[in-house]
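Note: hydrogens, waters and symmetry copies are ignored here, and every other heavy atom, side chains too, is used. No experiment lies behind these values; they were computed from the predicted model shown. Every chain is numbered from 1, with letters handed out A, B, ... down the list of sequences.
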There are 2 protein chains.
Amino acid sequence: MTAARPGGRTARNTRAIFDALFAELVERGHGGLTMEAIATRAGVHKSTLYRRWPTTDLLLAAALAEHPRNDWTPDRSGELIKDLVGVGRAVLDGLDDPVIGPISRACMAAAFGSEPAAAALTAFLDDQNRRAAIVVTDAIERGDLPPDTDPTALIERLVAPLYYRRLILHRPVPPEALTAAARAALRPAEGVSRSG
Amino acid sequence: MTAARPGGRTARNTRAIFDALFAELVERGHGGLTMEAIATRAGVHKSTLYRRWPTTDLLLAAALAEHPRNDWTPDRSGELIKDLVGVGRAVLDGLDDPVIGPISRACMAAAFGSEPAAAALTAFLDDQNRRAAIVVTDAIERGDLPPDTDPTALIERLVAPLYYRRLILHRPVPPEALTAAARAALRPAEGVSRSG
């Protein structure tokens, strides 16, 4: 056995396999995923896939590390409510995006049936929420929020009703619901400020 | 062709097929569903299933009308915050239940890939939220909430963070998070009261 060289054949194959997986997801969705189709599209042998990832859900969990949103950062206008609405809009736009949407939905579907997929999804969403939380940290530094505000908890309060409405209830989220979510997410933090 | 008699062979077959589907979901999850296994377990021919429901997701959508939680009603103690925590606890207990949990999760997974399954899930959850909303209506009638409170919207605010944490982030929901969700769900209604 030879060690994998960074940027070498193994890295190129992995990139091709993840790209093929994402393309298959966009075309066929999570229910239509097969190792056969991914291998053919990536130009590798099926056994190469099975050796590294015994199921499509394990492959999906590994590919989340290459999710197109991994380097996302929020817009920072210097106005908290505007920034929070921007974070919420980015979440919703991602779910409705013709490429990112099917990938995200497939990861959520896989997570219901696979613990490694669920763990990968949790890590991915935690990272996204931490990235978004910089708009809350900005507001704390400006003195617009109390210093003991938990930035990630505030972001979770913001996005929870958006995910619930869009991915569990399968309803659109109108702009006024997004603004309401941003205002509601702020309230416990304001409560801390008033009682402190 | 003979018409289906209510309570006759067609109704008995349908009941057996839905029971077999639920049992397969509990044993194998959404990813392991096959028409073959459901038909064998139900004691009907596979073609009987395919004729009525061309895919397992369409069968799942039809079976949601027989979900074990369809006749659920919330506990009504006469104390709003206690009743809301009870509704939230019922949602979480359902998701963790060894029978109801796999059925619910399978419906959510199916809804990501199938519009009829998504529509059936929306109808099911809307009905559950309307059933829960009676504890809000009780509070309005007691004068504990303003008369213009939207009972179903309040229940959606209560359950959104629970579903997000449990089904999207795949984290447990500790009792203090449940109480916090109940208190947060009340705030916009209290805001209406104060400004009214």
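- Atom CD of B/Glu36 has 12 or fewer heavy atoms from other residues, nucleotides or ligands within 6.0 Å.
- Within 6.0 Å of CG on B/Asp75 lie no more than 12 heavy atoms contributed by other residues, nucleotides or ligands.
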Task: Criterion side-chain contact (heavy atoms from CB on, under 4.5 Å) on B/Arg171 and A/Glu156, from CA distance to verdict - done: CA-CA 12 Å; B/Arg171 287 228 170 81; A/Glu156 288 185 8; 4.2 Å; yes
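- Ranked by heavy-atom pairs under 4.5 Å with chain A, the first of B/Gly29, B/Ala123, B/Gly113, B/Ala118 is B/Ala118.
- The nearest pair of heavy atoms linking A/Ile168 to B/Leu121 is O-CD2, 3.4 Å.
- Nearest approach of B/Pro161 to A/Ala160, heavy atoms of both residues: CA-CB, 3.8 Å.
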Open item on the list: I'd like to know whether B/Phe112 forms a side-chain contact (heavy atoms from CB on, under 4.5 Å) with A/Met108, so could you lay out the CA-CA distance, the side-chain angles of the two residues, the decisive distance to 0.1 Å, and finally the verdict.
Closed with: CA-CA 8 Å; B/Phe112 285 122; A/Met108 311 233 171; 3.8 Å; yes
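- Linking ILVMFWY residues whenever their side-chain heavy atoms come closer than 4.5 Å, directly or via other members, leaves B/Ile100 and B/Trp72 in distinct clusters.
- A single hydrophobic cluster is seen to contain both B/Leu64 and B/Val91, as judged by linkage of ILVMFWY side chains at heavy-atom distances under 4.5 Å, directly or through other members.
- Here the closest heavy-atom approach between residue A/Leu169 and residue B/Asp126 is recorded as CD2-OD1, 4.2 Å.
- At a 4.5 Å heavy-atom cutoff, the contact between A/Leu167 and chain B is made by backbone and side-chain atoms alike.
- There is no path of hydrophobic side-chain contacts, each under 4.5 Å, that joins A/Leu178 to A/Ile81.
- Using a 4.5 Å cut-off between side-chain heavy atoms of Ile, Leu, Val, Met, Phe, Trp and Tyr, with links allowed through other members, A/Val136 and A/Val159 fall into the same hydrophobic cluster.
- Using a 4.5 Å cut-off between heavy atoms, A/Asp57 does not touch chain B at all.
- Taking the ring centroids of B/Tyr163 and A/Tyr164, they lie under the 6.0 Å cut-off.
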TODO: Report the C-alpha distance between A/His170 and B/Glu115 in whole Å, list the side-chain angles of each, state the deciding distance to 0.1 Å, and finish with yes or no for side-chain contact (heavy atoms from CB on, under 4.5 Å).
DONE: CA-CA 9 Å; A/His170 295 273; B/Glu115 280 188 30; over 6 Å; no
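- Hydrophobic cluster membership is shared by B/Val87 and B/Phe124, with clusters built from Ile, Leu, Val, Met, Phe, Trp and Tyr side chains linked at under 4.5 angstrom.
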